[in-house]
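One structure is given here, and the rest of the page talks about it.
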Amino acid sequence: MSPDGIEYGSSILGYPRIGARRELKTAVEGYWHGSVSRDELLATGRELADSTWRELAATGLEQVPGNTFSFYDHVLDSAVTFGAIPPRFADLVDELEPIDLYFAMARGKPNHPPLELIKFFNTNYFYRQPEISPDLKFALNADGILDEHKRAKAEGIELRPVLIGPVSLLLLSKAAPGSPKKFAPIERLDDLLKVYGQLLTKLSKQGAKCVQFDEPCFTSDRTSEDLEALRRAYTKLSSAAQRSRILVTGPYGDLGEALPILASTNVEAIGVDLVSEPMTAAELAAVPGLKRKRLYAGVIDGRNVWKAAKGGKLDFLLEIKEHIPDLVVATSCSLMHVPVDVLIEPDLPGEVADRLSFAKQKVAEVVALAKAITHGAPEHWYSRPATVHFKLKHDVRQRVANIRPDQRQRLPYVERKPLQDEALGLPPVPTTTLGSFPQTNEVRQARYYYGQGRLSWDEYADRLREEIKRVIELQEDIGLDVLVHGEAERNDMVQYFAELMDGYVATHQGWVQIYGSRCARPPIIYGDIKRKKPMTIEWTSYAQSLTDKPVKGILTGPVTMLARSFVRQDQPMYETAEQIALAVRDEIADLEKAGIKIIQVDEPSIRELLPLRERGRQGYLDWAVNAFRLAVGGAKPQTQIHTHLGYSSIARVVEAFEAMDADVVSIVATRNIDWVFKQLAEHGTALSHGVGPGVYESRSALIPEIDEIDERIQRATSAISPDRLWVNPDGGLKTRHYWQLEPSLRNMVAAARRERRRIASRDDD
């Protein structure tokens with residue numbers, strides 16, 4: 001017990017759900033493919049959920065989160081819990097088992113396209129966007145939550161169920177197709193609050209002490225109407241006659257104006273992220289009403305993998321408790337964004353491994369800090385440096401210091417374009433893909449065998465060349481105008497390059513969920529970045545040798561290499577971005593020497609990394625654009641530079657896309673394809689270079705019809721002049737099957753040829 005008589009609490013806001021070795025992925029994909037039964041899938045899910053809360057309770061964590069498991073997506077789970085089944089899936093409700101209806105919404109079925117896949121704030125996670133209509137009947141479907149709580153309670157473990165809060169659930173949703181034009185899901189808040197109230201009552205009757213509602217939408221700029229909706233929601237929920245205690249959290253950033261609003265209601269506890277945009281103890285103390293709440297102080301970073309400087313964290317917590325005595329040590333957000341356990345990584349360099357903290361280790365940090373507030377800390381917490389500094393590469397640092405402004409400049413686009421047109425000789429509205437082709441079982445097996453030493457390099461390379469040859473021949477047969485080599489050698493668009501650079505390390509089991517069953521192993525940047533040798537020349541050059549058509553070199557840009565990695569914290573991100581940009585610049589020079597005339601530098605994360613609040617955006621966009629321009633600034637004017645971006649309706653971001661000065665910008669449908677064309681209609685004139693709006697959704701298993709793609713091409717030409725229009729899918733095709741890919745691309749080529757005939761007809765007139 002501490003001198004003031006308080007035992008300080010410890011908790012986390014969520015935990016990885018995929019399993020340390022992706023057990024969930026194996027079970028879910030087995031079910032989808034028919035090798036795992038429904039009962040086996042449900043049993044695996046239950047075991048993963050139960051083993052998680054048992055393990056967390058055993059660590060000494062005072063409060064254990066529940067309902068953190070999901071078969072696909074926790075936002076979709078919350079929507080289903082409250083009966084938000086989109087009207088267009090209504091005919092499947094009686095036809096399918098609940099788990100199959102759930103997967104139908106996530107993955108689609110014939111005549112039922114899936115819910116849209118949307119970036120989850122500025123994380124590497126994507127969620128399925130709920131659809132809300134004016135007449136949707138909300139209804140509570142909480143048997144799973146209640147049953148899990150009951151199971152844990154029978155073992156003496158008190159769970160705190162976790163759900164998306166009602167206001168964020170509606171703000172993260174979109175109007176269902178067919179809704180009135182001006183309808184917004186937030187208009188249904190009062191109806192939804194009734195069902196949230198029912199859940200609180202049921203949990204209270206079952207003995208649940210506390211429920212956690214995450215409101216991440218309020219760590220970004222919100223309208224006064226949104227803020228008033230938050231006030232109304234928690235005033236009503238916290239005034240219920242019979243309910244569990246309420247914890248409202250604001251992960252991924254600063255709650256800003258929402259914090260005093262929440263503090264003014266009768267909710268018992270508030271969780272704040274003190275990592276992304278930390279507040280001082282004095283600033284927290286100045287929030288009216290906050291001293292009377294239980295504060296979940298999110299001081300352990302839920303989104304990076306470096307050990308906390310516990311001495312500094314403890315001093316901060318001790319300062320907070322002088323103002324807000326009811327204190328719980330917590331994570332800044334759910335730990336679903338970091339790998340499970342660093343101890344199952346035997347091959348990490350010792351100097352790196354000793355500095356890492358994955359989900360299990362972060363739980364231990366939370367528990368240790370809570371105990372230290374109560375009982376004091378060991379001396380070594382203060383003797384170790386707060387910031388990790390690894391060995392520096394002075395040649396890299398000197399090169400960055402010597403960067404000149406002219407290295408970020410190319411010949412003006414209006415002068416480059418004729419040179420590129422002459423060099424490439426492409427038809428109007430040329431067709432292409434964005435790089436990756438399906439990774440077949442044979443390719444994955446060859447990569448695995450090579451990693452295990454069961455294939456020699458020559459044997460592995462021969463298999464890759466066979467696959468590249470097959471992919472090139474298929475593209476020529478389909479009739480694409482600009483080809484790709486298919487990326488058979490790449491495990492991931494970031495990890496592949498990271499493994500070929502100094503300053504990065506990769507893990508074997510450091511998986512994090514991206515969406516559904518798709519996982520990635522974000523590499524770790526611990527030192528100065530330098531390219532060891534050419535990274536793509538061998539495979540791209542071989543592909544180009546097989547065809548007379550241009551083959552694109554495909555590289556990952558510096559900002560995306562940062563965004564999809566765990567990044568060192570001892571220098572500003574823009575400095576690390578400059579180092580990566582120079583490595584990409586060198587690779588472009590080598591591709592040009594090898595005769596590659598089109599080079600795509602993918603930067604989907606420029607939009608993804610955009611700060612949630614306005615105040616940080618311009619500074620970020622300035623250095624992000626500068627890093628891209630440094631990467632491509634050495635390219636010859638005849639070399640056509642493409643990039644692949646997530647589109648945005650934010651005017652400043654559109655201006656940044658233009659400032660990047662890429663010759664062609666291909667756009668991923670980050671919300672939905674219709675939304676992209678709407679934005680092009682509004683902002684298309686702001687983009688003076690080539691544009692490739694995705695004409696069909698690459699992540700969907702549905703095969704688009706020729707007429708459907710043709711209609712989209714015509715919509716694009718209403719906003720973009722035909723001489724600047726490219727036709728492509730909206731993303732890579734790695735996750736597709738060939739039986740889906742081939743007819744989709746053939747239909748895309750056929751639709752592009754229709755547009756060429758229309759262009760020819762207009763020219764004849």
Side-chain angles (χ1 to χ4, degrees), residues 420-440 443 461 463-490 493 496 535-556 587-588 590-602 635 638-644 662-666 690 692 694-696 698 709 725-738 740-753 755-756:
Q420 294 167 13
D421 290 345
E422 181 179 356
L424 296 171
L426 295 172
V429 289
T431 56
T432 189
T433 68
L434 297 188
S436 61
F437 267 55
Q439 293 257 319
T440 64
V443 166
R463 295 195 185 187
L464 291 179
R465 280 189 281 268
E466 289 173 9
E467 178 66 11
I468 291 170
K469 185 173 186 293
R470 190 178 70 82
V471 167
I472 291 293
E473 289 174 347
L474 175 61
Q475 292 174 88
E476 287 198 309
D477 185 63
I478 289 171
L480 291 165
D481 301 301
V482 174
L483 314 186
V484 296
H485 78 286
E487 303 180 19
E489 79 286 3
R490 301 184 191 182
M493 69 180 296
Y496 172 79
M535 301 178 288
T536 63
I537 307 303
E538 180 174 3
W539 313 116
T540 309
S541 299
Y542 175 68
Q544 186 63 80
S545 73
L546 300 173
T547 179
D548 293 330
K549 291 185 174 182
V551 173
K552 280 194 290 189
I554 308 291
L555 307 175
T556 303
E587 188 71 13
I588 289 173
D590 283 338
L591 284 167
E592 288 182 320
K593 290 174 186 175
I596 304 303
K597 298 178 181 179
I598 302 179
I599 300 171
Q600 180 176 303
V601 182
D602 289 328
Q638 295 87 350
T639 300
Q640 192 172 74
I641 297 293
H642 290 221
T643 192
H644 174 206
D663 297 300
V664 179
V665 175
S666 298
V695 294
Y696 78 86
S698 63
I709 298 174
L725 178 65
W726 284 68
V727 174
N728 49 261
D730 77 340
L733 303 172
K734 178 180 179 180
T735 60
R736 299 276 56 84
H737 299 285
Y738 274 99
Q740 300 161 335
L741 171 146
E742 186 171 344
S744 298
L745 290 181
R746 290 190 187 279
N747 288 350
M748 185 185 80
V749 168
R753 288 173 176 169
E755 178 61 23
R756 288 174 198 165

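In what follows, residues are counted from 1 in the order of the sequence shown.
Smallest separation of non-hydrogen atoms from P550 and I598: CB-CD1, 4.1 Å. Residues A752 and T431 approach most closely at CB-CG2, 3.4 Å, considering heavy atoms. The two residues I468 and A543 have their closest heavy-atom pair at CG2-CB, 3.7 Å. Shortest non-hydrogen contact noted between L741 and P438 is CD1-CD, 3.4 Å. Shown here for A488 and V443, the closest heavy-atom pair between the two residues is O-CG1, 3.3 Å. Scanning all heavy atoms of the two residues, the minimum distance from I599 to E592 falls at CD1-CG, 4.2 Å.
For the atom pair OH of Y696 and OG of S698, the computed distance is 7.0 Å after rounding to the nearest 0.5 Å. The CG atom of L474 sits 6.5 Å away from the OH atom of Y738 when rounded to the nearest 0.5 Å. One distance of note links OG1 of T547 with CD1 of I472; it measures 6.0 Å at 0.5 Å rounding. Atoms CD and CZ, on E489 and R465 in that order, are 12.0 Å from each other to the nearest 0.5 Å. Rounded to the nearest 0.5 Å, atoms CG (L483) and OG1 (T540) are 12.0 Å apart. Annotation: the span from I709 atom CD1 to S744 atom OG amounts to 7.0 Å, rounded to 0.5 Å.
No donor-acceptor distance shorter than 3.5 angstrom exists from the side chain of Q544 to the backbone of I596, with no hydrogens or angles considered. Checked by atom type and distance alone, the side chain of D602 never pairs as donor or acceptor with a backbone atom of T556 at under 3.5 Å. In terms of modelled atom types and a separation under 3.5 Å, the side chain of Q439 and the main chain of R490 share a donor-acceptor contact. Counting only distance, with no hydrogens or angles, the side chain of E587 and the backbone of M535 share a donor-acceptor pair below 3.5 Å. A side-chain donor-acceptor contact under 3.5 Å links K552 to the backbone of T433. Side-chain atoms of T639 never come within 3.5 Å of backbone atoms of K597 as a donor-acceptor pair (strictly under, hydrogens ignored). Between the side chain of Q475 and the backbone N or O of V484 there is at least one donor-acceptor pair closer than 3.5 Å.
When side chains are defined from C-beta on, L733 does not count as touching Q740, because their heavy atoms never get closer than 4.5 Å. In this structure the side chain of L745 reaches within 4.5 angstrom of the side chain of M748, judged on heavy atoms. Counting heavy atoms from C-beta outward, H485 and V471 have side chains that stay 4.5 Å or more apart. Using a 4.5 Å cut-off on side-chain heavy atoms (C-beta onward), E487 and W539 make no contact. Annotation: side chain of Q420 is not in contact with side chain of L426 (no heavy-atom distance under 4.5 Å).
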* Please step through salt bridge (charged side-chain N to carboxylate O under 4.0 Å, His left out) for the pair R746 and D477, ending with a clear verdict. => CA-CA 9 Å; R746 290 190 187 279; D477 185 63; 2.5 Å; yes
Stepwise side chain to side chain contact (heavy atoms under 4.5 Å, CB included) test for V695 and D730 = CA-CA 6 Å; V695 294; D730 77 340; over 6 Å; no
Report task. Go through the steps to decide whether L480 and V749 satisfy the test side chain to side chain contact (heavy atoms under 4.5 Å, CB included), and finish with yes or no. Result -> CA-CA 7 Å; L480 291 165; V749 168; 3.8 Å; yes
Report task. For side chain to side chain contact (heavy atoms under 4.5 Å, CB included), just list the numbers for I588 and V601, CA-CA rounded to whole Å, side-chain angles, deciding distance to a tenth of an Å, and then say yes or no. Result -> CA-CA 9 Å; I588 289 173; V601 182; 4.0 Å; yes
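Ionic pairing of E467 and R463 is not present here: no N-O contact between side-chain nitrogen and carboxylate oxygen is shorter than 4.0 angstrom.
Environment of NZ in K549: crowded, with over 12 heavy atoms of neighbouring residues, nucleotides or ligands closer than 6.0 Å.
Remark: R470 fails to qualify as a cation-pi partner of F437 under the 6.0 Å distance and 45° angle criteria applied to the six-membered ring.
The aromatic rings of W726 and H642 lie perpendicular to each other, with more than 60° between the two planes, well past the 30° mark.
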